[in-house]
Each structure stands twice: as structure tokens, then as C-alpha cells.
Amino acid sequence: MIRKLIGRMFRRGVAEPPAVRRHATRYRGSELGIHRTELSSAAQRTCETLQKAGFHAWIVGGGVRDLLLGLRPKDFDIATDATPQQVNKLFRRSRVIGRRFQIVHVMFGREVIEVSTYRALSTDSNTDEHGRVLHDNEWGTQEEDAVRRDFTINALYYDPIGDAILDYHDGVRDLQARTLRMIGDPASRYREDPVRMLRVARFAAKLGFTVEPRTRAPIAELAPLVHNIPSSRLFDEMLKLLLCGHALDALGELRNEGLHHGLLPLLDVILEQPAGERFVSAALASTDARVADGRPVSPGFLFATLLWQQVRVRWEAAAAKGEHSIPALMQAIDDALDDQADQLAIQKRFVSDMREIWSLQPRLERRNGQAPYRLLEHIRFRAAYDFMLLRCEVGEVDQELGAWWSAFIDADGEGRAALVTGAPKSGPAAKRKGRGGPRRRGRRGATAGGDSGGDSGSPPA
Ligand code: ATP
Ligand code: MG
């Protein structure tokens, strides 16, 4: 219903397709400072194999863009005139994926090279009532492929073997001026695919580029179209945004553009609440730091941090009514997950990580007997512990608890035994400093039994 209304609000006449440019400016890669040796050997080999078989093979998108900027590309995408089936035949370890538009994943060890066939421009009959492209599975020429891409800086083609860069839309000029510019008419391009508005926020933050005014202007009005994005795509794009290494800035961009409404309940509610924001900010800052160091970030952990306030608020409310801490936490988790499921389809495997990270929180407060040893063996212990450290950082639980576990992890057998002996008999209830609201100490009786026990907990109740 809401989607229909939004659709009507934003319905427009048929969008003008962007003009295909037949002419590309041609550069030598070396003249712009890039060399084939900067590509992964997997990317080089894929290009070679395709070209030897008589097909085009150009590195496109982030791979070229980041190399030209002196950044380390996340991965390499290749555009070709070979059909997915032709590509598939050339590489033993490859598979055709995708329904809407087939692409081929070529595998080299753990590296995956994504090979896509040039796409044709979409036609009007392929869009829904507000201009969103539904089917665009026709193959086209390189010129058409270029004009379909989102930003000028993402539409550069690099042939590492011929040392050539083709630039149809003045991407090199925009790279040099550090400008993010949409190809074609920005408003039509957002209607075609509202995900592009989120991409503006991501690239502006990741690259520190200025968004060209015409590219930025329509977003304020068209922001509600993000509700039309199918939830699985929204999830993928949010994940890219959160893992781009500049998540704090990117969320700031989203908020400035009014794009955060409805993406995650947390972004709606929490970003406006200073306490919640501190937790989210601490989580994102630690994620950004991990990305900068090249350490892996687990999406389950990330979403557990982002949705934590939803869980915590409910948990506290139930505990304030006198409900037992553990079932109250479980119910709070179910409710929080239900709440966001419609909008953002978090994949099941990540949801189960989130549940575990959350439900281990009270267990971290049990430090007597065998409990801490057992917890240490838990497959999700490390994530739960990292999560608790964030809670310590914002004052949601006592720093002492975090310090105790850090010491316990590092200690040898004797040291551990001493720490267990010296630990408070019941967990030091979660301590929420500087925040109002009900706060009761854990009731010993309530924690009895239940492996997940230790009531003290947080929600502190
Ligand atoms: P990253 O380094 O984050 O992967 P990227 O530019 O490679 O950045 P991808 O999402 O991997 O981003 O997309 C690869 C390329 O496909 C883009 O550079 C762009 O040319 C094109 N593209 C991706 N999504 C869209 C879209 N929604 N509309 C138009 N073109 C797109
Ligand atoms: Mg990419």
C-alpha cells in the first residue's frame, strides 16, 4: 500500500534514456599511472584467456577506479562481449549465476572474478510504474554498457594487456577533480534504480569525493523510493556500505540526505538518540578500523551491533516489569528481528550469529565455577566478547567485566583459576552510567539454573 502510494507520488513521464556516447577518450594505462602488475594474477589471467579466445576483456568499475586513485581495489570485475555461456566454457572453475542478469563467477583459489557481458540499455517496457527497471537482461555493446553504469568514475574500461583505458563519460576528469557525477539525468537514474542513491552515500564517504550538485539535488525528493528496493538487494547494498571502511561517514551521508528512514529501524530510531548513537558509532568505528587493517568483519557481528539498541530497549522494558532476565532477552531478540525482517532481509546464517552474540551477553557475567571455561569454548565466544567490550566502551556494562575477561583470555591455567576465585560471586550487574531509567541489580534467585544464567545482567534490570 505504502509502496503504491509512493509509486504514485513519484510517477513521471517516461524517463529519457541517457545518451549513448559512441566516442571514448583513449588513454594509456601507464600514462595515468597504472600497470597490469597491479592487478591480481587472477584478474590478469581471466583477461588473457578471454582475449586469446577472441573476446573483449576489460577491467571495469571499482577495480580501475581504485587503482587510478592509488587505493587497493576490493576485487576485480571484468566486462566482455562473450556471453555467460561462452565465458563459462573457457574457465573450468566458473559458474553462471543470477536470474535477472546472468554473470559468471570465475574462481581462482579464494579469489572470485566477476565477468559480466555488456548490457544493453533498458527499454520503457521493462520498468515498473515509478520507473524502476525490472528486467534488463539484454546484451549490448560496450558503449551501451558504459552508459548504463552509475557514475562517470565507475565507467572506465581498462585493458591490462593492451595497456588501454577507455573513457566514454569523462570519468578521468571527474576522478582528477574528485567529483562523484551520475551519468545521464540523475533523477531518472534514481527512479530506474533507487539503490543508486545509497551508492552516492557510499562512494562519497569511501572516496571523500564531492557529490556534483545535479547528482545530489534530486535525492531529497526521491529518498522515499528506497522503500521499493527488494529487501535482498537492500541488504547487499547496506552491507557494502557498512563494510566500505568509512561506514560512519557513509551513514552520516545517508542521514543528511534523509535516506536512512526505513532502511533499518535502528537508523530511524537510534541515530536520533545520543545513547544509542554512541554504541552504534563505537561499533562502526571499530569496524572501520578493522577494514583499514585488512582484518575480516563478520556481517553477523555488525548487524548485531546495529540492532542491539532495539533488543536492549525491549529487554530493559520487560525486565523492568519483573520478567526473568533470560526469557525476556530471548523475547526481545525475537521481537527486534521480526521488526526489521520486512525491510532488510538479513540472511539466515547472519541472523543465527546475531542471536548467539546477543544471547551470550548474560553468560559473560557468570564468572564462577566452570562457567567461564565453558564459555571460552563456545564457537561464538570471541564475537560475544568483542561485543561486550563495545558495551563496556559506552558504559553499558562495567569496565571491570571487560577487563576481567581480557585477563582471563590471556592468563595461563593458574592465572585463570585465580581470576575465577577472585571474581564477584554474582555478576556485577550491567552498569549503565549516565543514563536514566530503571536499574535494578540482578536478583540472585532469578539466575538459578539455566546455562545462560547469570542474571545480573544486563538488562540490567
Ligand atoms: P566496490 O569497490 O565497492 O566494489 P564498485 O564500483 O566496483 O565498488 P560494485 O557494486 O562492485 O561497485 O559494482 C561494479 C560496477 O557495476 C560499478 O562500478 C558500476 O559501474 C556498476 N554498477 C553497480 N551497481 C550499479 C547500479 N545500481 N547502477 C548502475 N551501475 C551499477
Ligand atoms: Mg566491485
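Atoms within a ligand are numbered from 1 in the order they appear, just like the ligands themselves. FYI, side chains are in, hydrogens and waters are out, and symmetry mates aren't considered; it's all heavy atoms of this structure.
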Nearest-0.5 Å distance that lies between atom [atom1] in [X] and atom [atom2] in [Y]:
X	Y	atom1	atom2	result
L251	N256	CG	CG	11.0 Å
S40	I59	OG	CD1	7.5 Å
Y168	T25	OH	OG1	10.5 Å

Next on the checklist: Regarding D170 and T152, do their side chains bring together a donor and an acceptor under 3.5 Å, going by distance alone?
Outcome noted: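 No, no side-chain donor-acceptor pair sits under 3.5 Å.
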Short list, please: which atoms of ligand 1 are under 4.0 Å from a heavy atom of [X]?
X	answer
R148	29 (C), 30 (N)
G61	18 (O)
K74	1 (P), 2 (O), 3 (O), 4 (O)

Protein residue, atom and distance nearest to [atom], heavy-atom basis:
atom	result
atom 28 (N) of ligand 1	R196 NE, 2.7 Å
atom 19 (C) of ligand 1	D150 OD1, 3.4 Å
atom 7 (O) of ligand 1	G62 N, 3.0 Å
atom 6 (O) of ligand 1	R65 NH1, 2.8 Å
atom 10 (O) of ligand 1	K240 NZ, 2.6 Å
atom 15 (C) of ligand 1	R149 NH1, 3.6 Å

Quick check, are the ring centers of [X] and [Y] under 6.0 angstrom apart?
X	Y	value
W405	F381	yes
Y158	F76	no
Y157	H56	no

Next on the checklist: Considering E114, R199, E237, K206 one by one, which has a heavy atom nearer to atom 17 (C) of ligand 1 than any of the others?
Outcome noted: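 The option holding the nearest heavy atom is R199.
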Next on the checklist: Would R233 count as a contact residue for ligand 1, given that I'm defining contact as a non-hydrogen atom of the residue lying under 4.0 Å from a ligand atom?
Outcome noted: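 Yes, that is the case, since the closest heavy atom of the residue is under 4.0 Å from the ligand.
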Next on the checklist: To check you understand the geometry: which heavy-atom pair defines the closest contact between L180 and T215, and what is its length?
Outcome noted: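 It is O-OG1, 3.8 Å.
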Heavy-atom contacts under 4.0 Å between [X] and ligand 1: side chain, backbone, both, or neither?
X	value
D77	side chain
R202	side chain
D193	side chain

Checklist entry - When only distance counts, is F203 in polar contact with ligand 1, meaning an N/O pair under 3.5 Å? => result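 No; the residue has no nitrogen or oxygen that sits under 3.5 Å from a nitrogen or oxygen of the ligand.
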Item to check | Stepwise salt bridge (charged side-chain N to carboxylate O under 4.0 Å, His left out) check, E192 with R189 | outcome: CA-CA 5 Å; E192 255 172 27; R189 303 299 312 279; 3.1 Å; yes
Next on the checklist: I'd like to know whether R216 forms a side chain to side chain contact (heavy atoms under 4.5 Å, CB included) with V200, so could you lay out the CA-CA distance, the side-chain angles of the two residues, the decisive distance to 0.1 Å, and finally the verdict.
Outcome noted: CA-CA 8 Å; R216 186 183 292 278; V200 170; 5.8 Å; no
